[in-house]
Number of protein chains: 2
Amino acid sequence: MTTRDALMAQLWPVSRRYLASYVLFNQAVADHLGMHPTDVQCLNLLTLEDGPVTTGRIAELTGLTSGSATRLVDRLEKAGLVARQRDDADRRRVLVAVLPEALERFGEVWRSLGADWAAVLDEDSEAELAFLLRHMNRTVELSHRQIARLAGEDSQRLP
Amino acid sequence: MTTRDALMAQLWPVSRRYLASYVLFNQAVADHLGMHPTDVQCLNLLTLEDGPVTTGRIAELTGLTSGSATRLVDRLEKAGLVARQRDDADRRRVLVAVLPEALERFGEVWRSLGADWAAVLDEDSEAELAFLLRHMNRTVELSHRQIARLAGEDSQRLP
DNA sequence: GAGAAATGCCTGCGTAGCGCAACTATTAAT
DNA sequence: ATTAATAGTTGCGCTACGCAGGCATTTCTC
């Protein structure tokens, strides 16, 4: 077995642990903030978008149905983290904007977590960081393709 | 701003997308298998352990309460994916073993997904793969520390 | 070695997120 | 002008989850 094969053999279980850790981490952050994991995921995604986002887009981003997305926005609005606003251009649509308070509450938690995270990366060279950045971007794209394929195969079951 | 700072500045939002993608991916796999995300997460963790695991250990691994872990094992057992067995050494304990059928069902899905994943890594050098392996191991450890800290801070709220 | 404390798992109950389907309001198509 | 499509909301049923209490078993303490 080549060195490369040995590395790949190790990477497979480790990446599964890695995935599991992320799920648990997301849950821990949610518990810490007294929120549901879905709400944390949603706010995370919202702050990555530029500008307000429609409820339908939130349903896409989170993978929820439109009804559940409405309830999700209800919860976030009730918690004072986002604000609803009718779109004047298309009065069917509702724009959801993240409020500064949400950024504060998230920022507070992520400052300390981000500091630890940055400390880990401090050990790495610029070339390694550049590789990591490229790898993450590729993996995000791969995830999207795989999610689409999984969903596509599901719908093929019921023609 | 140095090149290094620029890389770090890019890595932060990308890693957040990365995290979000993983959550969605987990959900997609669960939907595809007709299971709940928690159940998928549990089976993923179980297959990473060597040998049968107690219900209490499952509660630890998944972050659930003991009651919820019992229900989780109930579902997996009912689905024919795991088997319960009393521990003869300590008859309070229940050992949960993953059945071959679970490995088959998971293997089927993960073979194709793993192939795409391996294809992405094929572009990388051995040194890059070695770095990735090391990075993932460090990140898993970091997650554990951060999860413990988040949980610890929570418990400090109510002394 | 007997009673107390701790451990491991299970069960009843209330809460709440989610999908589904039906409904309203607005815009686009014919 | 009528019909169809789109965006969002709401009622309903299901089920995972936490919590608290309970039972069986083991370990501690005297």
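Naming convention: chains lettered A, B, ... in sequence-line order (proteins, then strands); numbering from 1 in each chain.
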Using a cut-off of strictly less than 4.0 Å, decide whether R91(B) has a side-chain nitrogen or oxygen near OP1 or OP2 of dT27(D).
->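 Checking dT27(D) against R91(B), no side-chain N or O comes under 4.0 Å of OP1 or OP2.
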
Taking the nucleotide of DNA chain C with the closest heavy atom to each, which residue, L95(B) or Q27(B), is nearer the 5' end?
->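 Whichever sits nearer the 5' end wins; that is L95(B).
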
Would a 4.5 Å heavy-atom cut-off, applied to side chains only, mark R149(A) and D116(B) as touching?
->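 SC-SC contact between R149(A) and D116(B) confirmed.
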
Any side-chain heavy atom of L43(A) within less than 4.5 Å of one from F106(A)?
->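 SC-SC contact between L43(A) and F106(A) confirmed.
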
Looking at every strand, decide which applies to R84(A) at a 4.0 Å heavy-atom threshold: base, sugar-phosphate, or nothing.
->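 The answer is sugar-phosphate, as R84(A) gets under 4.0 Å only of primed atoms, P, OP1 or OP2.
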
Using a heavy-atom cut-off of under 4.0 Å over every strand shown, decide if R57(A) touches base, sugar-phosphate, or nothing.
->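 No contact at all - R57(A) keeps every heavy atom at 4.0 Å or more from the nucleic acid.
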
What integer distance in Å separates [X]:[atom1] from [N]:[atom2]?
| X | N | atom1 | atom2 | value |
| --- | --- | --- | --- | --- |
| R93(A) | dT6(D) | CZ | P | 13 Å |
| D74(A) | dG8(D) | CG | P | 13 Å |
| D31(B) | dA16(D) | CG | P | 14 Å |
| R92(B) | dT25(D) | CZ | P | 10 Å |
| D90(A) | dA28(C) | CG | P | 6 Å |
| M35(A) | dG17(C) | CE | C1' | 14 Å |
| D87(A) | dT6(D) | CG | P | 17 Å |
| L76(A) | dG17(C) | CG | P | 11 Å |

Give the intermediate values and the outcome of side chain to side chain donor-acceptor pair (under 3.5 Å) for residues E141(B) and N137(B).
-> CA-CA 6 Å; E141(B) 289 174 16; N137(B) 276 321; over 6 Å; no

With sequence neighbours left out, write down each residue that passes side-chain hydrogen bond (donor to acceptor under 3.5 Å, both in side chains) with D50(A), or none if nothing qualifies.
->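 Listed in chain order: nothing, the list is empty.
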
Should the pair R57(B)-E60(B) be classified as a salt bridge under the 4.0 Å nitrogen-to-oxygen rule?
->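 Judged by the 4.0 Å cut-off on N to carboxylate O distance, R57(B) and E60(B) do form a salt bridge.
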
Are the charged groups of R84(B) and D74(B) less than 4.0 angstrom apart, N to O?
->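 Between D74(B) and R84(B) there is a salt bridge, with a charged N closer than 4.0 Å to a carboxylate O.
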
Under 4.0 Å from any atom of DNA chain D, heavy atoms only: list the residues of residues 61-72 of chain A that qualify, in numerical order.
->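 Within this stretch, S66(A), G67(A), T70(A), R71(A) sit under 4.0 Å of the strand.
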
Would you please say whether a donor-acceptor pair under 3.5 Å links the side chains of T47(B) and R16(A)?
->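 T47(B) vs R16(A): donor-acceptor pair found between side chains.
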
